[in-house]
Undergrad: 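Have a look at this one before I ask anything.
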Amino acid sequence: MRVCHLYFILSQAVLAAAGENRVEPISPEERPFVRAWNVADFDDVISVGLEGHRDYEKGRRLFAVASCLKCHQFHREGSAIGPDLSGVGDKFSPRDLLESILNPGKEIPETHGQTIFEMKDGSVLTGRIVNDAGVTIRVITDMMHPDEVTSLARGQIVIRKESPLSPMPTGLLNTLGKDDVLDLLAYLLSDGNRKDPLFAR
Ligand code: HEC
């Protein structure tokens with residue numbers, strides 16, 4: 001049957017579960033589920049502004065704890081699977097930044113999207129192309145494990161199309177409290193500057 005398809009569903013499930021159960025890179029404590037946050041939960045704070053109430057150290061730590069560093073660079077730390085988030089505060093308002101973390105994939109940059117492959121044997125596989133030049137196309141199917149690369153024989157591919165799904169998992173903030181989410185946002189919005197007014201007490 002569609003082993004690859006099954007594998008894809010499983011890997012998506014793992015990605016989704018990673019939001020609830022991940023092993024955090026800084027200290028490996030397991031974090032309990034808090035809430036499936038949505039943007040409206042933060043309207044009260046965002047509408048008055050985050051200035052002066054946020055905790056720089058906590059935000060910085062949470063950027064690693066919530067797995068962001070696994071895929072994003074921020075001032076030369078982290079991996080380059082997703083876009084570099086340095087300067088993200090100039091690009092996004094606090095609300096839009098939160099939205100892009102809670103609902104990844106609203107606008108997927110062409111350089112960071114995934115491709116769906118339907119194979120002659122009926123299997124379907126989704127992933128990010130890392131090499132499209134050879135006899136085989138090399139694809140990463142699970143962004144949490146970018147070392148695992150799958151090779152697809154070019155001649156076996158029937159359909160190849162852009163995936164509407166982001167490689168970024170959803171639910172990454174579901175194990176954080178409301179203040180945690182706001183500290184993480186402030187850390188990014190300040191561009192990693194601990195002297196930013198966001199952190200003035
Ligand atoms: C498994 C890899 C992965 C993880 C983990 C991950 N991201 Fe992403 N992220 C991506 C990819 C790939 C994109 C680009 C596709 C998209 O925008 O949906 C992205 C896009 C974004 C964007 C939009 C950037 C832009 O310039 O448009 C923001 C903001 C972001 N991520 C923040 C975060 C934060 C904060 C965390 C941690 C809570 C996080 N990401 C965790 C892979 C990841």
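Counting convention: from 1, in listed order, for ligands and their atoms alike. Numbers for residues simply follow the sequence, beginning at 1.
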Undergrad: Please determine if G105 has a nitrogen or oxygen closer than 3.5 Å to a nitrogen or oxygen of ligand 1.
TA: yes
Undergrad: According to a hydrophobic-cluster definition based on side-chain heavy atoms being under 4.5 Å apart (Ile, Leu, Val, Met, Phe, Trp, Tyr only), do V158 and L125 belong together?
TA: no
Undergrad: Heavy-atom contacts with P167 under 4.0 Å: which atoms of ligand 1 show up? List them by number with element.
TA: 1 (C), 12 (C)
Undergrad: Using atom types as modelled and distance alone, determine if a side-chain donor or acceptor of R154 lies under 3.5 Å from a backbone N or O of G134.
TA: yes
Undergrad: With heavy atoms only and a cut-off of under 4.0 Å, state how H72 meets ligand 1: side chain, backbone, both or neither.
TA: side chain
Undergrad: Does even one non-hydrogen atom of K70 get within less than 4.0 Å of ligand 1?
TA: no
Undergrad: Under 3.5 Å between some N or O of ligand 1 and some N or O of H112?
TA: no
Undergrad: Under a 4.0 angstrom heavy-atom cut-off, which atoms of ligand 1 come close to S67?
TA: 5 (C)
Undergrad: Less than 4.0 Å between a side-chain N and a carboxylate O, is that true for R60 and D55?
TA: no
Undergrad: Could a heavy atom of R128 be found less than 4.0 Å from some atom of ligand 1?
TA: no
Undergrad: Verify side chain to side chain contact (heavy atoms under 4.5 Å, CB included) between I140 and V149, making sure each step is shown before the conclusion.
TA: CA-CA 5 Å; I140 302 175; V149 178; 4.3 Å; yes
Undergrad: Salt bridge or not between R54 and D179? Use side-chain N to carboxylate O under 4.0 Å.
TA: yes
Undergrad: With no hydrogens and no angle check, is any side-chain donor or acceptor of W37 less than 3.5 Å from a backbone partner on F42?
TA: no
Undergrad: Could you check which of C68, S79, G113 puts a non-hydrogen atom nearest to atom 36 (C) of ligand 1?
TA: C68
Undergrad: Under 4.0 Å from a heavy atom of L97: which atoms of ligand 1 are those, numbered in the order shown and with their elements?
TA: 29 (C)
Undergrad: Could you tell me whether K91 and D96 have a side-chain N and a carboxylate O separated by less than 4.0 Å?
TA: no
Undergrad: Could you tell me, atom by atom, which parts of ligand 1 come under 4.0 Å of a heavy atom of E107?
TA: 17 (O)
Undergrad: Under a 4.0 angstrom heavy-atom cut-off, which atoms of ligand 1 come close to G82?
TA: 10 (C), 11 (C), 12 (C)
Undergrad: Identify, by atom number and element, the atoms of ligand 1 in contact range of P169, meaning under 4.0 Å from any of its heavy atoms.
TA: 1 (C), 3 (C), 4 (C)
Undergrad: According to the interplanar angle, ranging from 0 to 90°, do the rings of F199 and Y56 count as parallel (below 30°), tilted (30 to 60°) or perpendicular (above 60°)?
TA: perpendicular
Undergrad: Any N/O/S of S100 under 2.8 Å from atom 8 (Fe) of ligand 1?
TA: no
Undergrad: At less than 4.0 angstrom from any non-hydrogen atom of I101, what atoms of ligand 1 do you find?
TA: 32 (C), 35 (C)
Undergrad: Does only the side chain of A66 get under 4.0 Å from ligand 1, or the backbone, or both, or neither? Count heavy atoms.
TA: both
Undergrad: Would the number of heavy atoms belonging to other residues, nucleotides or ligands and lying under 6.0 Å from CD of E51 be above 12?
TA: yes
Undergrad: Pick from D44, D183, D41: which one makes a side-chain hydrogen bond (donor to acceptor under 3.5 Å, both in side chains) with K178?
TA: D44
Undergrad: Within a distance under 4.0 Å of any heavy atom of S166, pick out the atoms of ligand 1 and give their elements.
TA: 15 (C), 16 (C), 18 (O)
